[in-house]
Each structure stands twice: as C-alpha cells, then as structure tokens.
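Worksheet: the structure to be examined is printed underneath.
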Amino acid sequence: MRRAGAVVLLGILVQGSLAAAPDSLPRGVGPEFAAFYKGKTTFSCIGNPSIILKLSQINDNSCDCPDGSDEPGTAACSYLDPLSPEQPLPGSPSGTTNTTSALPGFWCANNGHIGSYIPFMYVNDGVCDSELCCDGSDEFVHVGGVACENRCAAIGKEWRRLERARRESAERSAKKRRTLAKESRELRRRVEAKIVSIKEELATLEVKKVELQKKFEEAKRSEKGKVVKAEGQGGKLGVFVGLAKSRVSELRNTLDKVLDQRDDLQDRVEKLEDILNKLKEEYNPNFNDEGVKAAVKGWEDYAASKAGEKKSDLADGDIMAVLEEDGETSGINWAEFEEGGGSDADVVYHLEAYLPESVREYIHSKLNHVRVWLIENGVLADNPASGTESRLVVAAREALESANNDFSTKTSTLEEQVRDLEKDYGPDDIFRAFKGKCVSADVGEYEYEHCWIDKTTQKSKKGHGNTNMGNFVRIDRELADEEERADGKGLGKGPRIVLRYENGQGCWNGPNRRTDVWLACAETDEVWRVSESEKCVYKMEVGTPAACEEANEPSPSAKDEL
C-alpha cells in the first residue's frame, strides 16, 4: 500500500534547487510540454495564460496556477489529481479540487529505460517507486527525505529482454496466423472447386438420366413385340421355340441317365471278364469237367471276336459336349430367340435390312410405330404378365435407377457444400482450418473442452459423464477491459473475437447452458481460464494464433533501443 498524507513543504534552499534557468527545463516537465517552459523569462499558466508568474515561482512548492502547471516537479498541486481525495481549495477559481490538471503527472526521464509520468501525489512521499520511476527522480533529497537508487539500467535491461521475447512471440504468432489463413483459403478453394465439379457432374447426370429414361421406355416398348416370352408365350414361332427348348432339355436329361446306365453295365462286364480270364488261366485241362471246358471255350471265342471288333468313334468327350447346358458358347443360344427377337412381323418381314442405308433408319422407325400399334391393338403378342421382363429391360431399369440415386446423392452433397461455404468462419475464414479440432484444460474437478465452431463440453474427472455447455451459433466482437497479465495469458484491452455457443444441456431447475469463448493472441491453442459469470453461463478464455493481428516480418538489422 502506498503512503497517503500531506506533502511536506520544502525550505528556501530546496526551492532554489528546483527552480529552472531560462534555457533549461524545470524538474518534472515532460518533453511534450517543454515549449511552455523553455527559453522563457516569465511563465504563463498553461490553462490560464492570463496568469503570469516569475520563473522563481515554478516548483516553489506553492500551487499558484489553478491548473497546477507551475508545480510540475512537486506534490504541491497533487490535490488536483483525480486520484487524490477532494479537499477545499480557498481562493481557487473553481472552489473545489475538481479542477483539471494541465499536466498528466510528474515526468520521470528514466534514462536507460522508458520515460513515464507518475501521479503528483507520489512525488517526495518517501517511497521509491522503482517500477514507475526507476531513476529515483521522484524522491529528490531534502531534509528527512529519501534518496532512491537509480535502477533504470537493470530494469531497462530486463524490460527489453521481456519486450524482445514478447515481440518474437508476437512475430511467431503472426506467422502461424498467416499459415492458418493460407490453409483456410486453400480449404475454401477446395470447397468452391468441389461445388463447381458437382454442378458439372449433375449437368452430365441430367442428360444421362434423360437418355436412360428414353432407353428404358424404348426397351419396354420393344419388350411388347418380343416373339418368345417366358414359358413359350408369344406367337406360333414363340410357342414352337418354347416346345423345342423343353424337348431338347428332356432329351439331354435322358441321355445323361443312359450314359450313367452304360457306365454301370461297363463296370459289370469288366468284372465278369476278369473272372472268366482267371478261370481260363488257372483251370486244369486234365480235369475232365465238360462244363468248365465249355466255359473256357466260350471265353476264348468271346475274346477272339472282341479283338476283331472296330472301336466306336463316339468318345466320352463328345457325349459330355452334348450334355453341356445351352448358352452363348455351346448348344443353342436360346437367348437370341427369347431376348433378341422382335415381333412375329419382324421375323417374317424384316424388310429394312434390304433397304438403302439412307432410308433404313426412317423405315425402321415407322415399322416400330406400326409394331407397337399392332401390339396395342392385339394383332401381335404382348407380354401378358409382370415378372417376365427380359434382361435388357431389367438392365435399362437398373441403369436408370442408379443414375437417379447418383443424382440425388450428389444433390445432397452440393447442398451441404454450399451451406459450408456460406457459414461464417471468422475473418479470413480463419476458423475453417480448425474444423474437427479441439483444445482442453483441467480446471478444478472438471476438464473443459472447446471444439472449434462445434461445441463446448464439461467433463467430470470423477466419471460422472460429460455435459454439453453449448453448440456453436455465431461469431461476435466485444471490447475486453482487463489489465495485462505478467505471463501474457490474458484478454487485455481492446476488441476481441467472441465465439457464441448456446442451447447446451439444461441446468437443473435452470436454463440451458451457454458459453462465450473469448479469444486472445497466443502462439498455441490453449484454454486459459473458465468461469461461471452466472448460473449456467460460462466464460472461457482461449489463446490462439487465429486471434493475432497481422505483424510485419522483423528486419534482420533491427536492434533494441535504450
């Protein structure tokens, strides 16, 4: 605590030491007020020029000017200082101590550091205000006075060290902000490019949808004139082809069974031949058994006749080839009849094939119209039931549905990208680079998390779950009015970006939670403090390079000044 009290009046010797020569500045005069004092033979009160004083009256410890300008180096007029308690001032034009002082205070030159003004009440109060007046000039020596050490060299050196560190930190922060701004611009460019790309794709898909719709309709119309339908439905040729396909299938199945029976019989014959061959080789010719001799003789005749037989040219591979299922590479390709045919009239009167190419397309179109008309009027066969579409119609429908789904998906993506482009991401779109990122800090029994342009969360360290403190709504600016902190982790004074998060989890018997996130310049993203200004209304102070102002690149030849 500073000492408050009456100012001790100085003697004549002290007054003489404070008075200024005509060519020098009086004690306590700041450089911006030098013109009122230097090179004068008399002194006019700054606020009241009509009052003229002798030079000897300057700093004589007597307040002769109503604005105190005659006492720049003493505390005689300190009662004019708004920090001083009000006192009656007899003879003053204002009659009160509320008269405004012409001077901002006592000027400490502080050579080796930074000059500054201090309140007049601090002058000769017996306290060395080294943090404000490091040269000790506020406590000039007098009877019973205090001699203060000049500490400006040490204090100035430390101040320059801290100021250099702050400047370098500010330069690094500004550089990081430029990097973030560049990243944000690139992210925005990508969104814009994606929107253009999606729009082009949608335009192409729109054309494709129209074409696929036409192909699908044409496939359905063509389906009505097919010769062969499922189960052999259609005209006479269709019925015949259906019966032929069924008959071929029956014959193939029968041949497959006969082949199995042949293989069984072949196995049996081979076993009997083995028995007879063994009998021939092992029987005793001297054994007079007519039955055995007859059996051996019969086997010899069988073997002789078998040796002269001509082998069959029908190989198993040929039989297996016949048994293969019909398809594009084997047997009959029934699909050519079932799906590739036209109406009965197309099969019998495919006239456009004989026409010149110049008129073929025109005639083909007219024939298609005639065919559809014949189908619609019952002259030609139509597809009588659902579920009997050809693969061509099914493929056309699936292609159209796929195009429609693709169009719908890309339309939704386009709307999402447009909303993202229109969203407020702050100055220079700076917070676009923070999407998906969070920063947190432990404060007491909770961990507080801030997810940029998303939400704020309170997490219990005791495992009681997480509490939503608000969802992002908008970006505002407000004036901060706080003293600078020694560690630099504070809002300070001036306009600051404030992120609003609202409609969080409801408080018990209270409103929904909301959080105002105040941002200040820092090298890294960091949550500094969290406070609850009122019930369920939180203030979160966050440092980030995104809140830094642009700074010029430091000059390589720059040097610290004294």
SB check Glu217 Lys214 (cutoff 4.0 Å): no
Lys489 with Glu526: basic N within carboxylate O range, under 4.0 Å: yes
NZ/NE/NH1/NH2 to OD/OE distance under 4.0 Å, Glu449 and Lys455: no
Cys438/Cys451 sulfur gamma separation below 2.5 Å: yes
Test salt bridge (charged side-chain N to carboxylate O under 4.0 Å, His left out) applied to Asp442 - qualifying residues, sequence neighbours left out: Lys461
Test applied, salt bridge (charged side-chain N to carboxylate O under 4.0 Å, His left out); reference residue, Glu478; option that passes from Arg500, Arg496, Lys539: Arg500
Presence of salt bridge, Asp428 and Arg185, under 4.0 angstrom: no
Intermediate values then yes/no, side chain to side chain donor-acceptor pair (under 3.5 Å), Ser173 and Glu523: CA-CA 5 Å; Ser173 300; Glu523 282 192 60; 5.1 Å; no
Arg190/Glu186 ion pair, N-O < 4.0 Å: yes
Pairing of Lys423 and Asp420 as salt bridge, 4.0 angstrom limit: no
Salt-bridge contact Glu192-Arg189 (side-chain N to carboxylate O under 4.0 Å): no
Kindly list each side-chain donor-acceptor pair under 3.5 angstrom involving residues 202-212, sequence neighbours excluded, with atom names and distances?
unit_1 : atom_1 : unit_2 : atom_2 : d
Thr204 : OG1    : Glu200 : O      : 3.1

Ring pair (Phe, Tyr, Trp, His ring centres under 6.0 Å) pairs, two or more places apart, involving residues 509-547: none
